[in-house]
Structures are given as structure tokens and as C-alpha cells.
Amino acid sequence: MSQVAVVGAGLSGLCCARRLQQHAGYDVRVFEKARGLGGRTSTRRTDAGPCFDHGAQYFTAREARFRAQVDAWVESGVVAPWEGRIGVREDGRLRPKSEGPRRWVGTPGMNAMAKHLAQGLDVQLQVQIQALERRQGRWRLHTVAGQELDEGGQGFEAVVLSLPPSQAAALLEGHDHAAAVTHRVEMRPCWSVMLSFVRPLEVAYDGIFINEGPLSWVARNSSKPGRNETETWILHGSPDWSRAHLALAPPEAQAELVRAFFEVIEHPPVQPSFHTAHRWRFSIPEQALELGCWWDHEQGLGMAGDWLNGARVEGAFLSGLELAHAIAES
């Protein structure tokens with residue numbers, strides 16, 4: 001049985017791992033540096049009670065393979081449609097947004113899809129890979145803790161990197177062709193603020209796209225199906241504002257975005273019962289590639305992620321699916 005190491009437990013990595021293990025018979029191990037699954041579809045749990053989708057807010061399903069997966073997730077109770085009232089703020093006005101494609105969310109949090117994909121997989125959390133080593137035609141992985149992961153001394157036949165491009169590039173020393181692909185994409189940063197309130201805010205919308213000022217999006221997280229009844233909101237800083245203020249301390253970034261939030265929703269300021277901020281250094285690609293995935297058969301080295309396949313949640317899932325197919329075919 002062939003051994004594959006997957007670095008990163010976002011949707012692309014987990015989709016690739018699950019497909020290889022369940023449909024192609026590979027022995028797969030997944031390594032993730034964070035405490036939880038999902039990457040940018042992760043969910044922040046708090047001691048105060050509420051949970052927050054502080055990264056990806058929702059997703060759409062256009063491609064047939066992904067629509068089939070969404071149907072299966074709906075059947076399993078993993079996702080549900082979000083019927084939130086959506087508005088847009090521009091030119092100093094707040095107005096309804098025209099209807100678009102159906103918006104889906106994981107239930108009870110956006111990380112539900114990642115948890116479902118991870119079922120039956122060997123996923124090791126809080127394991128940060130620092131270097132890759134190719135020796136005698138096999139891969140060894142070295143962690144920041146000084147451990148060598150080599151699948152019982154035999155090494156891995158293939159390595160999949162499901163990481164933002166700059167993080168993948170840091171592991172690709174000596175692999176110039178792969179590194180060159182990562183250098184083609186720059187990721188936007190995003191400040192994310194999480195708020196909860198004792199009482200609901202009187203706002204006509206559950207999600208607002210913002211085309212002016214320091215914010216790009218705000219959403220009533222508690223309006224999504226399966227969430228806690230506590231009034232919760234997510235604020236996302238715009239790419240330009242987040243990039244210009246990336247070095248701010250979290251309380252400072254939070255204060256600026258909360259002030260802008262009450263201006264956007266045209267509501268008198270209210271003291272939140274809980275508040276915190278998260279700095280996403282790598283949120284979405286400036287301009288994603290359309291490669292689907294990247295695979296070097298001779299080296300047994302692959303990359304998957306939304307940055308390789310159109311940027312969206314759907315793109316991440318399909319990137320992992322296509323990489324698994326490429327590995328199995330080779």
C-alpha cells in the first residue's frame with residue numbers, strides 16, 4: 001500500500017486525503033499545525049459560549065461534482081442553505097442586494113464539512129512541518145519540534161501540500177519548479193472581528209457587502225442555521241485596510257472596525273458582551289490560478305488549494321479532488 005503525507009487539513013487537503021484513502025486504497029496521514037480542522041472554513045469556539053465562522057462566511061455550488069457533494073452533505077445534516085437577508089453599502093447608502101446563487105453554510109459551524117471529510121482519516125493536529133527531505137526516492141517530513149516523520153523508516157511515496165502559497169514555498173527549498181508556481185499568487189490579508197451582544201441589533205440585513213471604508217463584509221453569524229441563539233456578528237476588514245493595518249495589535253484593529261461597523265449598519269454604538277479579533281495573513285488570493293491542482297509524478301509532490309483553482313470554497317474542494325485523481329492515475 002502506498003503511503004501519502006498530506007500537510008494541511010483545510011478542505012483541499014482533507015478532500016484529497018479522503019479520496020485517496022477511500023477510493024484508491026492509499027495509506028494517508030494528515031498533519032495540521034492548528035488545533036482544529038478546516039483552514040479558512042474553521043470555527044472559533046469561545047469560553048463565553050458563542051461560536052463564530054470567522055473565516056469563510058458561506059459558499060456556493062456551481063460545478064456538478066461539488067453540487068453532488070453538497071447534496072450528500074445536506075442529506076447528512078452537514079450543510080444547510082442560509083436564507084439571510086443580504087444588503088450592500090456603497091455611496092453612503094445601505095440597500096438590498098440583488099439575488100444571487102444560493103448560499104450554503106456548514107452546520108452547526110463552517111468547519112462541519114472538514115470534520116465530515118476527516119472521518120476515518122489519520123489526522124494529527126498541532127504538528128507543524130518545517131522541512132521536506134527527499135531521500136532514496138521517498139519523503140521524510142521534519143517538524144518544528146525536531147521530529148522526523150518517515151512512516152516507520154520507509155518514508156512517504158508522495159507528499160501533498162494543502163497550504164497557502166507562501167507557506168508551501170517555505171517547504172519547497174530545492175524544488176524550484178514547484179516553488180515557481182507558488183510565487184505566481186499573492187494572498188490578501190484580512191482582519192476578522194467577532195462580537196456578541198446581549199440583545200439583538202435592530203438591523204434589516206443579516207449580511208452586508210461593503211464597498212467603502214475599512215470594512216468589506218459584516219454578517220449576523222447567529223442568523224445562520226444551527227447556530228446559538230446569542231446575537232453574534234462577524235466583521236471583515238477590507239483587503240486594502242487589512243494590509244495597511246496588519247501590524248496593529250488586535251484590540252486596536254478591533255476598535256477601528258467596530259466603529260466602522262456601527263456606521264455601516266446605521267445603529268447607535270452598543271457595548272458587546274464578548275469581543276475578539278483574528279488576523280488572517282492569508283485569506284483569499286489576489287488572483288487565483290486556474291490549474292486545478294499541481295502534481296509532479298517523478299518527485300511524488302503535489303499541491304492543492306483554492307489559490308490553484310479559482311479562489312472559492314468550491315475551488316478548494318475540487319482542487320483536492322483533482323489532485324487525488326492525478327495521484328491515483330499516475
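Treat the numbers as computed from the prediction; the structure is a model and nothing was measured.
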Student: Please find the pair of heavy atoms, one from G84 and one from D206, that lie closest to each other, and give the distance.
Tutor: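 Scanning both residues completely, I find the closest heavy atoms to be CA-OD2, 3.6 Å.
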Student: To the nearest 0.5 Å, what is the distance between CZ (F156) and CG (L141)?
Tutor: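 F156 CZ to L141 CG: 6.0 Å, rounded to 0.5 Å.
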Student: Is there side-chain contact between R85 and R220, with at least one heavy-atom pair below 4.5 Å?
Tutor: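 Counting from C-beta outward, R85 and R220 do come under 4.5 Å.
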Student: Check for me, please, whether F209 and W104 land in the same ILVMFWY cluster - side-chain distances under 4.5 Å, paths through other members count.
Tutor: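 Hydrophobic grouping puts F209 with W104.
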Student: Ring centres of H236 and W280 under 6.0 Å apart?
Tutor: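 No - the distance between ring centres of H236 and W280 does not fall below the 6.0 Å cut-off.
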Student: Does a side-chain heavy-atom distance below 4.5 Å link Q287 with E186?
Tutor: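 No, side chains not in contact.
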Student: Is the count of non-hydrogen atoms from other residues, nucleotides or ligands lying under 6.0 Å from E202 atom CD greater than 12?
Tutor: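 Atom CD in E202 is not crowded, with 12 or fewer foreign heavy atoms closer than 6.0 Å.
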Student: Is S242 reaching over with its side chain to a backbone N or O of P239, donor-acceptor style, under 3.5 angstrom?
Tutor: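 Not at all, since once roles are kept as given, no pair shorter than 3.5 Å links the two residues.
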Student: Please evaluate residues R135 and E148 with respect to the criterion salt bridge (charged side-chain N to carboxylate O under 4.0 Å, His left out), reporting the C-alpha separation (whole Å), side-chain torsions for both, the decisive distance (0.1 Å), and the verdict.
Tutor: CA-CA 13 Å; R135 191 165 73 232; E148 181 177 282; 3.6 Å; yes
Student: Are the side chain of R18 and the backbone N or O of G120 linked by a donor-acceptor pair below 3.5 Å?
Tutor: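 It does not hold such a pair.
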Student: Evaluate the salt bridge (charged side-chain N to carboxylate O under 4.0 Å, His left out) criterion for residues E231 and R199: first the C-alpha distance (whole Å), next the side-chain angles of each, then the deciding distance (0.1 Å), finally the verdict.
Tutor: CA-CA 7 Å; E231 177 86 347; R199 297 179 180 82; over 6 Å; no
Student: Does a donor on one side chain sit under 3.5 Å from an acceptor on the other, for R44 and T46?
Tutor: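 No - no donor-acceptor pair under 3.5 Å links their side chains.
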Student: Could you walk me through whether I234 and S192 pass the side-chain contact (heavy atoms from CB on, under 4.5 Å) check?
Tutor: CA-CA 7 Å; I234 295 289; S192 177; 4.1 Å; yes
Student: Any side-chain to backbone donor/acceptor pair from N228 onto T230? Under 3.5 Å, distance only.
Tutor: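 Flag set: sc N228 to bb T230 pair under 3.5 Å.
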Student: To the nearest 0.5 Å, what is the distance between OG on S162 and CD on Q167?
Tutor: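 Output value for this atom pair is 10.5 Å.
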Student: Less than 4.0 Å between a side-chain N and a carboxylate O, is that true for R89 and E212?
Tutor: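 Yes, charged N to carboxylate O under 4.0 Å.
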Student: Under 4.5 Å between side-chain heavy atoms, hopping through other hydrophobics if needed: is there a path connecting L132 to L149?
Tutor: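 Same cluster.
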Student: Any sub-3.5 Å donor-acceptor pair from R188's side-chain atoms to S283's backbone N or O?
Tutor: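 No, because the side chain of R188 does not come within donor-acceptor range (under 3.5 Å) of the backbone of S283.
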Student: Got a sec: does the CD of E290 have more than 12 other heavy atoms crowding it under 6.0 Å?
Tutor: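 Yes, the 6.0 Å shell around CD holds more than 12 heavy atoms from other groups.
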Student: Any heavy-atom pair between the side chains of L291 and R184 that's under 4.5 Å?
Tutor: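 A side-chain contact exists here, since the closest heavy-atom pair is under 4.5 Å.
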Student: Grouping I, L, V, M, F, W and Y whenever their side-chain heavy atoms are under 4.5 Å apart, do V218 and I284 come out in a common cluster?
Tutor: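 Unlinked, V218 and I284 end up in two clusters.
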Student: Nearest 0.5 Å, please: how far is NE2 in H278 from OG in S42?
Tutor: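 Output value for this atom pair is 6.5 Å.
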Student: Between E32 and A9, is there a donor-acceptor pair closer than 3.5 Å when you use the side chain of the first and the backbone of the second?
Tutor: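 Yes.
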Student: Measuring only between side-chain heavy atoms, which start at C-beta, is K97 closer than 4.5 Å to Y205?
Tutor: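 They are not in side-chain contact.
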Student: Test your reading of the model: is there a side-chain donor-acceptor pair from W191 to the backbone of H245, 3.5 Å cut-off?
Tutor: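 Indeed, once roles are kept as given, a pair shorter than 3.5 Å links the two residues.
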Student: Is any side-chain heavy atom of I129 closer than 4.5 Å to one of T143?
Tutor: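 With C-beta onward as the side chain, the pair touches.
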Student: Taking atom types as modelled, is there a side-chain donor on S238 or D240 under 3.5 Å from an acceptor on the other?
Tutor: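 There is no such pair between these side chains.
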Student: Is a donor on one side and an acceptor on the other found under 3.5 Å between the side chain of D306 and the backbone of A316?
Tutor: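 No, because the side chain of D306 does not come within donor-acceptor range (under 3.5 Å) of the backbone of A316.
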Student: Please determine if E63 and R312 form a salt bridge, counting it only when a charged side-chain N lies under 4.0 Å from a carboxylate O.
Tutor: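 No.
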Student: Can you confirm whether V193 sits close enough to H275 that some side-chain heavy atom of one is under 4.5 Å from a side-chain heavy atom of the other?
Tutor: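 Of all side-chain heavy-atom pairs linking H275 with V193, none is under 4.5 Å.
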Student: Check the angle between the aromatic planes of Y58 and W82 and answer parallel, tilted or perpendicular using the 30° and 60° thresholds.
Tutor: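 Answer is tilted, since the angle falls between 30° and 60°.
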Student: Applying a strict under-4.5 Å side-chain criterion to I, L, V, M, F, W and Y, I'd like to know whether W307 and V313 cluster together.
Tutor: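 In one cluster with W307: V313, no.
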Student: Could you tell me whether the side chain of R259 and the main chain of F262 form a donor-acceptor pair under 3.5 Å?
Tutor: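 Flag not set: sc R259 to bb F262 has no pair under 3.5 Å.
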Student: With a 3.5 Å distance limit and no angle check, can you tell me whether R227 reaches the backbone of P225 through a side-chain donor-acceptor pair?
Tutor: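 Side chain of R227 to backbone of P225, a donor-acceptor pair under 3.5 Å: yes, one is there.
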Student: Of all heavy-atom pairs between Q57 and V105, which one has the smallest distance, and what is that distance?
Tutor: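 So the two residues come closest at O-CG1, 3.6 Å.
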Student: Kindly work out whether a path of hydrophobic side-chain contacts (I/L/V/M/F/W/Y, heavy atoms less than 4.5 Å apart) joins M110 to L11.
Tutor: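 Same cluster: M110 reaches L11 through Ile, Leu, Val, Met, Phe, Trp or Tyr contacts under 4.5 Å.
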Student: Could you tell me whether W139 and H175 have their ring centroids closer than 6.0 angstrom?
Tutor: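 W139 vs H175: aromatic centres under 6.0 Å.
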Student: Taking the six-membered ring for Trp and the full ring for Phe, Tyr or His, determine whether the centres of W295 and H325 are under 6.0 Å apart.
Tutor: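 Ring centres of H325 and W295 not closer than 6.0 Å.
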Student: Is it true that R138 and D150 have a side-chain N and a carboxylate O under 4.0 angstrom from each other?
Tutor: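 Not counted as a salt bridge, because no side-chain N and carboxylate O are separated by less than 4.0 Å.
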Student: If you count heavy atoms of other groups shown closer than 6.0 angstrom to CZ of R65, is the number above 12?
Tutor: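 It does: R65 CZ has more than 12 such atoms within range.
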Student: Does N221 reach the side chain of D53, with side-chain heavy atoms less than 4.5 Å apart?
Tutor: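 Of all side-chain heavy-atom pairs linking D53 with N221, at least one is under 4.5 Å.
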Student: Hey, would you say the F59 and F66 ring centroids sit under 6.0 Å apart?
Tutor: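 Centroid distance F59-F66: below 6.0 Å, so yes.
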Student: When rounded to the nearest 0.5 angstrom, what is the spacing between CD in Q21 and CZ in R29?
Tutor: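 The distance works out to 12.0 Å.
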Student: To the nearest 0.5 angstrom, please state how far the CG atom of L171 sits from the CG atom of L161.
Tutor: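 The distance works out to 6.0 Å.
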Student: So, S319 and S12: side-chain donor and acceptor under 3.5 Å apart, yes or no?
Tutor: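 The answer is no; no qualifying pair exists.
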Student: Counting distance only, does the side-chain N/O of S273 pair as donor-acceptor with the main-chain N or O of S196 below 3.5 Å?
Tutor: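 Side chain of S273 to backbone of S196: a pair is present.
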Student: Hey, could you give me the OG1/CE distance between T107 and M113, rounded to the nearest 0.5 Å?
Tutor: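 Those atoms lie 9.5 Å apart.
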Student: Under 6.0 Å from the NE2 atom of H23, do we count more than 12 heavy atoms belonging to anything else shown?
Tutor: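 It does: H23 NE2 has more than 12 such atoms within range.
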Student: Under a 4.5 Å cut-off applied to non-hydrogen side-chain atoms, are L301 and L172 in contact?
Tutor: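 A side-chain contact under 4.5 Å exists here.
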Student: When you look at NE2 of H267, are more than 12 heavy atoms from neighbouring residues, nucleotides or ligands closer to it than 6.0 Å?
Tutor: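 Counting neighbours around NE2 of H267, more than 12 heavy atoms of other residues, nucleotides or ligands fall under 6.0 Å, so yes.
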